[in-house]
Protein chains: 2
Amino acid sequence: MAEPARHPIPENLDPALEMLVREIIERVADKWTMLAIEVLDEHGRLRFTQVGELIGGISQKMLTKTLRQMESDGLVLRTIHPVIPPRVEYELTDMGRSLGAAFCGVWIWAEEHRDRIEAARKAFRERSLP
Amino acid sequence: MAEPARHPIPENLDPALEMLVREIIERVADKWTMLAIEVLDEHGRLRFTQVGELIGGISQKMLTKTLRQMESDGLVLRTIHPVIPPRVEYELTDMGRSLGAAFCGVWIWAEEHRDRIEAARKAFRERSLP
DNA sequence: ATCCATACTTACCCAAAGGAGAGTGACATG
DNA sequence: CATGTCACTCTCCTTTGGGTAAGTATGGAT
């Protein structure tokens, strides 16, 4: 078949870098991580249960997992106070805060566009039904 | 127990808005959606298979699902050319491009911080093992 | 008549995400 | 001695994500 003119699909410049960046984004662009960053950015240092309450609707299991992963990625600092009952506090590191800042654009975008998204969804629904 | 001084956990200003923004973010902060936005932002108008090739590693099923969802949210425009074999092209809408721009910050952040993340992970691993 | 290309669906299946709820440790308080 | 506190951890279970492979529709090419 005679190929119609199309984009040549140029192979990307640095596939290795590309891969790494994607891996980071997949990891970091997770629902709970984003919400945790938001509440920690907004409220500063918080203890375990406070983070959970502020996020809302997250199970202890996922909260632990999310915070641990963030800690291992260097996004949060975890401080254990050796008291009984235990007291553990979490706060964003500089890197965590900078990620929060980067996400801020997405947050603002979501706020600004929710009406248009609603409208688009409604239009799509009506366009789909006979 | 005498409560130590803590943040009063101020209830957030607008829970309804907050909820909507979160819903949008959950939806949009999806791996395939982000990658689709990236390739469409970078290459302009593309047909179905091209999008799939450029994203890489995505199944037809997920590609269809992702693109349909993006269409319903008003992020992409889907143009069906009535020819045989079928030819369908996708391109970002203005809203899709603006979301791409918002994500750009995250992308750049990931590029800039991958070394520090690697280092943090390694340090965490060593700190965890006896 | 058969094959091909494209953009899908559909059916089936597995693995991972994630919720619910109970259990734990260590001490302070009633 | 029983109870409560906090930050988990563990187990069981359901839901979702997502892959594979096959099927569909259509007309042009061979």
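Residue numbers start from 1 in every chain, and the chains themselves are labelled A, B, ... in the order their sequence lines are given, proteins ahead of strands.
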Report yes if a side-chain nitrogen or oxygen of A:R47 is closer than 4.0 Å to either non-bridging phosphate oxygen (OP1 or OP2) of D:dA7; otherwise report no.
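Yes, such a contact exists.
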Under 4.0 Å from OP1 or OP2 of C:dC27: is there any side-chain N or O of A:R87 that close?
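Indeed not, no polar side-chain atom of A:R87 lies that close.
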Which nucleotide in the list [options] gets nearest to the side chain of [X]?
X: B:W32; options: D:dC8, D:dG19, D:dC6; result: D:dG19
X: B:K61; options: C:dC8, D:dA7, C:dT10; result: C:dT10
X: B:I84; options: D:dT26, D:dT9, D:dG18; result: D:dT26
X: A:V88; options: C:dA11, D:dA7, C:dA7; result: D:dA7
X: A:K65; options: D:dC6, C:dA17, D:dG18; result: C:dA17
X: A:P85; options: D:dT11, D:dA7, D:dT5; result: D:dT5

Spacing of [X] atom [atom1] relative to [N] atom [atom2], expressed in whole Å:
X: B:L67; N: C:dT6; atom1: CG; atom2: C1'; answer: 15 Å
X: B:E89; N: C:dT6; atom1: CD; atom2: P; answer: 13 Å
X: B:M62; N: D:dT20; atom1: CE; atom2: P; answer: 13 Å
X: A:Q60; N: D:dC6; atom1: CD; atom2: P; answer: 12 Å
X: B:Q69; N: C:dC8; atom1: CD; atom2: P; answer: 16 Å
X: A:I58; N: C:dA20; atom1: CD1; atom2: P; answer: 12 Å
X: B:I80; N: D:dT26; atom1: CD1; atom2: P; answer: 14 Å
X: A:L63; N: D:dT9; atom1: CG; atom2: P; answer: 11 Å

Select base, sugar-phosphate, or nothing to describe what B:G57 touches, counting heavy atoms under 4.0 Å on all strands.
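B:G57: backbone/sugar contact only, no base atoms under 4.0 Å.
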Restricting to non-hydrogen atoms, name the atom on B:R47 and the atom on B:Y90 that form the minimum distance, rounded to 0.1 Å.
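Heavy atoms only, the tightest pair is C-CD1, 4.4 Å.
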With A:L46, which of A:V76, A:L40, A:V88 fulfils side chain to side chain contact (heavy atoms under 4.5 Å, CB included)?
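The single option meeting the side chain to side chain contact (heavy atoms under 4.5 Å, CB included) with A:L46 is A:L40.
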A:E89 CD to A:Q50 CD distance, which is reported to the nearest 0.5 Å:
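One finds 7.5 Å between CD of A:E89 and CD of A:Q50.
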Whichever of A:K31 and B:T64 has its nearest DNA chain C nucleotide further upstream toward 5'
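The 5'-side residue here is B:T64.
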salt_bridge(A:R121, B:D73) N-O dist < 4.0 Å
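Here A:R121 pairs with B:D73 in a salt bridge, since their nearest N and O are under 4.0 Å apart.
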